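Since this is a predicted model, take the numbers as computed values, not measurements.
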Amino acid sequence: MKRLKILHCGAVLLCIAMLNACGQKTVPVESVPRIADEANIQQSPMFFAEKQLSKNTVLLTQEEQEVQYAKFKKNFVGIWKQTKPFKGNLSFFRSYVQVEYKKRGYAENLQRWSEKNYQALAHNARYAAFPSMTKNGLIVSDASLRLAPTDKPYFINPKRPGQAYPFDMFQNSTLRVGAAVKVFHVSSDNAWYYVEATNASGWVHREHLAFTSPEIEDLWTNTNDYVAVVHDNVLIENVNFCETVNLGTVLPLIAEQEQGYIVAVPFQDIHGEAFIEHCFVAKKNAVKMPLALTMDTVAQLAEPLMGNLYGWGGMYNNRDCSSTMQDLFTPFGIWLPRNSAQQAKAGQRIMLANLSDNEKENRIRKEAIPFQTLIYLPGHIGLYVGQNDGKAVMLHNLWGIRIYETERFVVGKTVITTLYAGKELQGFSKSLMSRIQSLTIIGKENEL
């Protein structure tokens, strides 16, 4: 019987604990609903924070906090100073619509992108006219950044894990409400704008963006304080408008009240221009930045993220591994880049690449600071939260476990695991530990 190339969790509802009780060293992937670490490790950041004697100790000095927050504010609106597209972006995005037919990949229903549809896509992108404008804007509702002006997917090979669903290669990232962008281009149908933000770039639907005035830009740039949203699906509202926003959203503070904050929220008028409404957000859902960095506070913000579904490039407004870290540390005034490789360089770095698995384990337990240290391996990143039965564990949004070298057992959500997650599965190929390259202590500037 031929094995399935992607084996999803939950196929058969058997308990891992029962399988372990039978004395099996490995279990068939078809027989388990989830990996053993999910059953054997408390899926609660607060549980691990409570084990730390220094859980309420502030992890950054005042000087370090000021340095990080200054960097955050610079990056938050810095794109408005950009006068031309970042080097290399035009050729990168043009490459997605100027490829030969056999390399064009697949759209819906396992069908290759047709010549007709691809030519229409290229025509709509108007790359020959790029850039066609230079205007500042704000995101008015969470927006997907696409590598081409289309909602249609682009899968490299639907038969291979990592190249099929959910890995739509047109999906680049997500921008939160209030994010500053520079608009450099518009599609032929006027439905899409090509924008660049500090961390990412791509095409957004025009309804997600509004063009700014100097007065609005001054408010965003020179406000005394920012407010950061600390949960998902938070309502901000006034008598005329309401908006639902997520963790990672940052807005200028207008006034502080006993129960909440009045913040500036951008909306789009009928001409595509931005206007500002003063809206209320409850203090239980938002903080005045920067929030003091402690293990306990990071754990509190991370707790509701557990079990959140994986979202490649922010697809469906879900998070992948790096955007989980980016949004989690935003309320602390810490600016993390968008992808895992760049995040690994965003602090004091401890290299582990040339060590054995046992040496890596020992270095992590000795030198990693719970809730302040990122663990990096190529293509993936997570947060060290402490130890479980003497083994280092991390919080990460994990798509899948490698089995039989070329296949995956799909986890597809935010979990807390050891660095040997999935080792009980038949065909277990390569551990996370074997691929780890470095640790990064957030908020520390010098590299080792």
* Mind checking the OG1-CG spacing from Thr373 to Leu439? Nearest 0.5 Å is all I need. =>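 CG of Leu439 is found 6.5 Å from OG1 of Thr373.
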* Tyr226 six-ring face occupied by Lys288 cation (under 6.0 Å, within 45°) ->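 No, a cation-pi geometry is absent between Lys288 and Tyr226.
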* Tell me, please, which residues at least two apart from Lys84 pass salt bridge (charged side-chain N to carboxylate O under 4.0 Å, His left out). =>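 Here no residue qualifies.
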* Listed partners of Lys55 passing salt bridge (charged side-chain N to carboxylate O under 4.0 Å, His left out), at least two apart ->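 Salt bridge (charged side-chain N to carboxylate O under 4.0 Å, His left out) check on Lys55 returns Glu50.
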Under a 3.5 Å threshold, yes or no: a donor from one side chain and an acceptor from the other, between [X] and [Y]?
{"X": "Lys182", "Y": "Asn136", "answer": "yes"}
{"X": "Glu38", "Y": "Thr417", "answer": "no"}
{"X": "Glu217", "Y": "Thr212", "answer": "yes"}
{"X": "Gln300", "Y": "Thr297", "answer": "no"}
{"X": "Ser141", "Y": "His208", "answer": "yes"}
{"X": "Asn246", "Y": "Thr249", "answer": "no"}
{"X": "Tyr194", "Y": "Glu196", "answer": "yes"}
{"X": "Glu66", "Y": "Gln62", "answer": "yes"}
{"X": "Thr324", "Y": "His396", "answer": "no"}
{"X": "Asn75", "Y": "Thr198", "answer": "no"}

Please report the closest heavy-atom contact between [X] and [Y], naming both atoms and the distance.
{"X": "Ser144", "Y": "Val204", "value": "O-CG1, 3.5 Å"}
{"X": "Asp142", "Y": "Val177", "value": "OD1-N, 3.0 Å"}
{"X": "Tyr127", "Y": "Leu147", "value": "OH-O, 3.8 Å"}
{"X": "Leu247", "Y": "Arg319", "value": "O-NH2, 3.3 Å"}
{"X": "Ala264", "Y": "Ile276", "value": "CB-CG2, 3.7 Å"}

* Flag side-chain contact, heavy atom, 4.5 Å: Ile364 against Leu352 ->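 Contact flag for Ile364/Leu352 side chains = yes.
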Do other residues, nucleotides or ligands put more than 12 heavy atoms under 6.0 Å from the [atom1] atom of [X]?
{"X": "Tyr316", "atom1": "OH", "result": "no"}
{"X": "Asn354", "atom1": "CG", "result": "no"}
{"X": "Gln257", "atom1": "CD", "result": "yes"}

* Asked: Applying the ring pair (Phe, Tyr, Trp, His ring centres under 6.0 Å) test to Phe167, which of Tyr154, Phe155, Trp399 qualifies?
  ->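 Single pass found, and it is Trp399.
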* Kindly state whether the ring of Phe332 and the ring of Phe72 have centres lying under 6.0 angstrom apart. =>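 No, the ring centres sit 6.0 Å or more apart.
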* Aromatic ring proximity Trp312/Tyr165, centre distance under 6.0 Å ->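 Here the rings of Tyr165 and Trp312 have centres that are no less than 6.0 Å from each other.
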* To do: I would like to know whether Arg338 and Ser173 meet side chain to side chain donor-acceptor pair (under 3.5 Å); could you show each step before the answer?
  => CA-CA 8 Å; Arg338 178 57 184 90; Ser173 191; 2.7 Å; yes
* To do: Check whether any side-chain N or O of Ser434 sits under 3.5 Å from a backbone N or O of Ser431 as a donor-acceptor pair, and report yes or no.
  =>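 Side chain of Ser434 to backbone of Ser431, a donor-acceptor pair under 3.5 Å: yes, one is there.
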* Of Val181, Thr174, Asn172, which meets side-chain contact (heavy atoms from CB on, under 4.5 Å) against Leu145? ->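 Answer after filtering Val181, Thr174, Asn172: Asn172.
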* **Partner set under ring-ring contact (aromatic ring centres under 6.0 Å, His included) for His185, not counting sequence neighbours** =>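 Phe130, Trp203.
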* Asked: Does Asp225 come within less than 4.0 Å of Lys73, counting only side-chain N to carboxylate O?
  ->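 No.
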* May I ask you to say whether Glu407 pairs ionically with Arg402, meaning some side-chain N is under 4.0 Å from a carboxylate O? =>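 No, this pair does not count.
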